[in-house]
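So the structure is just underneath, and the comments pick up after that.
In what follows, every chain begins at residue 1, and chains take the letters A, B, ... in the order their sequences are listed. Owing to the predicted nature of the structure, the values given are computational and were not obtained by experimental measurement.
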4 protein chains.
Amino acid sequence: MEKNERRAREFHLRRKEILSHAERIFAAKGFYNTTVAEIANSSGFAVGTIYQFFEGKEHLYTTMISEGLDLMYGGIRDAVKQEKGFVARIEALVRAHLSFVENHTEFCSILMNVKNNALSSEGTSLRDRMVSDYLSNIRFIEEVISDGVTDGELMRIDERASAVALIGMIHSFTIEWLMSRTPEPLVEKLGTIMDLFLNGIGMKLKRR
Amino acid sequence: MEKNERRAREFHLRRKEILSHAERIFAAKGFYNTTVAEIANSSGFAVGTIYQFFEGKEHLYTTMISEGLDLMYGGIRDAVKQEKGFVARIEALVRAHLSFVENHTEFCSILMNVKNNALSSEGTSLRDRMVSDYLSNIRFIEEVISDGVTDGELMRIDERASAVALIGMIHSFTIEWLMSRTPEPLVEKLGTIMDLFLNGIGMKLKRR
Amino acid sequence: MEKNERRAREFHLRRKEILSHAERIFAAKGFYNTTVAEIANSSGFAVGTIYQFFEGKEHLYTTMISEGLDLMYGGIRDAVKQEKGFVARIEALVRAHLSFVENHTEFCSILMNVKNNALSSEGTSLRDRMVSDYLSNIRFIEEVISDGVTDGELMRIDERASAVALIGMIHSFTIEWLMSRTPEPLVEKLGTIMDLFLNGIGMKLKRR
Amino acid sequence: MEKNERRAREFHLRRKEILSHAERIFAAKGFYNTTVAEIANSSGFAVGTIYQFFEGKEHLYTTMISEGLDLMYGGIRDAVKQEKGFVARIEALVRAHLSFVENHTEFCSILMNVKNNALSSEGTSLRDRMVSDYLSNIRFIEEVISDGVTDGELMRIDERASAVALIGMIHSFTIEWLMSRTPEPLVEKLGTIMDLFLNGIGMKLKRR
DNA sequence: GATGAATGAGGGTTCATTCAT
DNA sequence: GATGAATGAACCCTCATTCAT
């Protein structure tokens with residue numbers, strides 16, 4: 001029936017509306033300083049309405065982060081899949097990450113602050129989810145690097161450490177950008193990041 | 001008078017005691033899930049007593065972070081000062097940072113989660129302090145790098161970006177280490193970090 | 001017109017359906033722990049539909065109790081009317097009461113818990129109704145007893161007290177039976193109740 | 001130390017104060033129509049203070065009932081213990097019960113309404129407690145009766161049924177009295193109850 | 001007439017802070 | 001100076017009721 005379909009569409013629209021407003025407020029004030037009433041108000045619904053879409057404040061928060069993470073990591077993986085060759089793939093990965101940050105600054109502001117937050121009462125589910133996403137992202141990068149080694153484009157290296165370093169650099173540039181609120185796009189740092197990742201600052205260090 | 005001196009010493013001792021217990025609990029449960037009563041209990045004082053050492057819960061938290069940051073950045077700078085030569089100085093910097101993490105895991109757990117947290121109602125002072133500390137740390141690293149250029153040990157490079165990258169790598173390895181709870185010391189990553197910072201993963205990228 | 005008649009019949013059917021489901025849930029969970037949504041759900045109607053049959057939750061509850069009371073007291077009076085002679089009439093009264101309890105355990109479970117419940121905000125109508133029903137039942141029993149005296153079957157006694165005592169015994173056996181959930185019918189207590197009511201435990205007490 | 005003792009005494013005083021105010025309000029408006037704020041207000045404390053004495057609204061209620069039951073049943077048993085002879089003991093029991101009602105009308109108003117109320121979320125503890133108290137009271141009366149049989153003061157009878165009947169009569173007179181708010185003391189019904197319990201209304205019923 | 005999503009007042013509970021002892 | 005009981009503002013969540021479809 002058509003009616004149900006429209007219902008479902010409207011439901012989804014409202015849900016998104018709430019999530020988006022929640023994202024803005026959570027980003028500005030943090031989880032604990034944001035009240036459900038505020039979110040309701042800002043999104044033009046009554047308090048009770050929020051509870052028809054989400055089981056509670058924490059669930060709303062968790063859902064927002066969860067869906068954001070799916071979008072982010074999904075986008076990164078898709079971008080990498082479409083490329084061949086080690087450098088191109090890494091570049092795609094970094095570019096996708098930076099683009100996501102640019103297009104979801106509020107979400108990423110939140111992300112930068114939650115890492116380990118001991119939120120959840122029942123089964124630290126969000127924390128676990130985030131840690132596991134973080135780790136699988138590292139592993140994903142490791143694989144990209146390993147493929148590069150297998151394909152002969154790269155010498156044998158410590159894949160894990162390299163992945164960790166790359167993630168760290170991306171995060172660091174992200175934070176720098178979020179904090180400075182520069183008008184110039186974050187993606188312009190792509191070349192710099194690639195260069196530093198591939199070559200470092202360009203100086204040989206005597207092995208100990 | 002001697003009495004006053006002993007008073008002052010005792011005062012300091014108690015203060016430290018409280019701070020240290022607060023640190024442990026804040027690290028375990030986060031700012032908002034920690035109650036003043038808990039801290040009082042854990043440190044063996046009455047709730048009211050806490051308020052004779054700190055103006056309030058937030059002040060206690062802020063103080064704890066503040067003094068930790070002083071210790072951390074101070075240590076790093078001291079370590080760097082005692083070295084000559086670019087590589088040695090960078091190495092000292094990274095080593096000091098990693099050592100601090102190892103010896104203050106709880107404090108660093110907190111640090112990883114606070115970055116931007118919109119704590120303070122009045123004056124966002126902590127956030128400002130942390131941002132400014134973060135920035136001055138970046139600038140400090142920039143200077144070390146600049147010195148390296150000046151001294152001819154290094155080609156002209158984007159000092160800011162390099163500093164940001166180095167910080168990012170250090171943070172990333174720190175998070176990795178805090179999360180995995182490996183028994184092996186974090187400092188063992190020093191070589192890896194130095195290598196990646198100086199040379200990257202070891203592959204030339206054609207400049208675009 | 002026939003249509004209207006069918007309408008009315010259907011209306012009544014739905015109404016009864018709702019009342020019956022409500023009775024079950026109210027009995028199980030009490031007035032305040034039962035939600036209108038639950039009743040709607042259980043009876044297969046939408047929440048809004050409930051409000052076309054009853055003015056509100058309290059009205060639904062009140063109606064249910066009211067109609068149950070009518071049924072109960074009506075049945076008792078009818079049963080008494082059909083008998084002649086004091087003992088036969090009292091026996092009919094007790095039997096009718098016990099039978100009603102057996103056939104309406106859920107309703108009676110509720111009844112046992114409401115006696116004085118300060119439900120209604122405006123007008124304590126239900127409470128008043130129940131008290132008045134209770135009192136008129138007592139008066140009814142008084143009359144049966146008075147008739148017994150008039151007819152010479154009984155010595156002059158305190159009719160009121162006797163009626164109160166009889167009601168108390170019936171209630172007490174009812175509660176006992178509801179609580180123990182014995183398979184044997186409550187009506188089997190009829191003989192015991194009659195015996196105790198007429199003769200007590202069978203021991204003379206010197207009048208003081 | 002003396003200080004602690006005074007503390008404890010004051011604690012107990014306040015606790016009793018709250019319980020007593022709560023009792024009055026609960027009796028007047030029922031559990032669900034009474035707010036914690038009201039109780040706090042009425043007893044002259046802040047809301048939060050209530051929570052230093054009781055874990056929550058339900059706990060406050062439960063505690064009040066529990067302690068009242070202890071007082072009631074304890075008093076009844078003590079009264080019975082001090083008597084010898086079947087009739088004297090039953091009389092003591094009934095008198096104690098009626099006196100308690102007179103001196104605790106508010107508490108007993110509540111009692112009359114709670115019997116089976118499906119209050120408790122976690123483990124129907126209050127209901128269980130009350131049922132078990134009720135049953136052990138019945139068993140206690142059974143024993144008093146059995147003793148009467150053993151001592152040859154009474155013929156062999158259905159002790160359980162007799163106990164149930166006595167309780168029922170007591171309750172019924174209690175309700176009657178509570179409802180009518182007669183100025184004359186409930187204890188005056190003692191003779192009537194004893195008479196009805198021992199001899200019934202004074203008419204032989206042919207055994208079927 | 002039937003529906004069920006939206007509403008928002010209301011209540012239980014927590015906890016940072018104060019202040020009399 | 002130390003204590004910890006008292007305070008009460010603030011917040012999350014529920015659910016009876018309404019009304020547009």
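- Within a heavy-atom distance below 4.0 Å of DNA chain E, the residues of residues 34-41 of chain D found are D:Thr34, D:Thr35, D:Val36.
- Here D:Phe53 lies in heavy-atom contact (under 4.0 Å) with sugar-phosphate atoms only.
- F:dA2 atom C1' lies 11 Å from atom CD1 of B:Ile18, rounded to whole Å.
- The distance between atom CG of B:Leu60 and atom P of E:dA16, rounded to the nearest whole Å, is 11 Å.
- Computed from coordinates, the B:Arg15 CZ to F:dA2 P distance equals 14 Å when rounded to whole Å.
- Both A:Glu55 and B:Thr49 lie near DNA chain F, and the one whose nearest nucleotide falls closer to the 5' end is B:Thr49.
- Between D:Asn33 atom CG and E:dA9 atom P the separation is 20 Å, expressed in whole Å.
- Counting atom types as modelled, D:Gln52 pairs a side-chain N or O with a base atom of F:dA6 as donor and acceptor under 3.5 Å.
- In terms of modelled atom types and a separation under 3.5 Å, the side chain of B:Glu38 and the main chain of B:Thr35 share a donor-acceptor contact.
- Toward the 5' end of DNA chain E, the nearer of the two residues C:Arg14 and D:Lys57, judged by each one's closest nucleotide, is C:Arg14.
- Across all strands, D:Phe45 comes closer than 4.0 Å only to sugar-phosphate atoms, never to a base (heavy-atom distances).
- Counting any heavy atom pair closer than 4.0 Å across all strands shown, A:Gly48 reaches a base atom.
- Computed from coordinates, the B:Phe54 CZ to E:dT17 P distance equals 13 Å when rounded to whole Å.
- Judged by distance alone, the side chain of C:His59 and the main-chain N or O of C:Phe54 form no donor-acceptor pair under 3.5 Å.
- Taking each heavy atom of B:Ser42 and B:Ile25 in turn, the nearest pair found is CB-CD1, 3.7 Å.
- Although no hydrogens or angles enter the test, the distance criterion places a donor-acceptor pair under 3.5 Å between the side chain of A:Ser43 and the main chain of A:Ile39.
- Legend: residues meeting side chain to side chain donor-acceptor pair (under 3.5 Å) with D:Ser66, ordered by chain and number and at least two apart, are D:Arg129.
- Between C:Val47 and A:Val47, the one whose closest nucleotide on DNA chain E sits nearer the 5' end is C:Val47.
- With contacts defined as side-chain heavy-atom distances shorter than 4.5 Å, the pair B:Glu55/B:Leu60 does not qualify.
- Here the side chain of A:Tyr51 is nearest to one of F:dG8, E:dT3, F:dT14, namely F:dT14.
- Between B:Glu10 and B:Arg15 there is no salt bridge, since none of the side-chain N atoms of the basic residue sits less than 4.0 Å from a carboxylate O of the acidic one.
- For D:Lys57 and D:Phe31, the positive end sits near the middle of the six-membered ring, less than 6.0 Å away and at most 45° from its axis.
- Straight-line distance from the NE2 atom of D:His59 to the C1' atom of E:dT14: 18 Å, rounded to whole Å.
- For the pair D:Glu17 CD and F:dA6 P, the computed distance is 13 Å after rounding to whole Å.
- With rounding to whole Å, C:Tyr32 atom OH is found 14 Å from E:dG11 atom C1'.
- When distances run from any side-chain atom of A:Ala46 to the nucleotides F:dA6, E:dG1, E:dT7, the shortest one goes to E:dT7.
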(request) Treat a base pair as Watson-Crick or G-U wobble with both distances under 3.5 Å, then lay out DNA chain F in dot-bracket form, 5' to 3', with | for cross-strand pairs. (result) .||||||||||||||||||||
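- Between B:Phe11 and B:Phe53, the ring centre distance stays below 6.0 Å.
- Looking at heavy atoms from C-beta onward, D:Glu23 lies out of side-chain contact with D:Leu19 at the 4.5 angstrom threshold.
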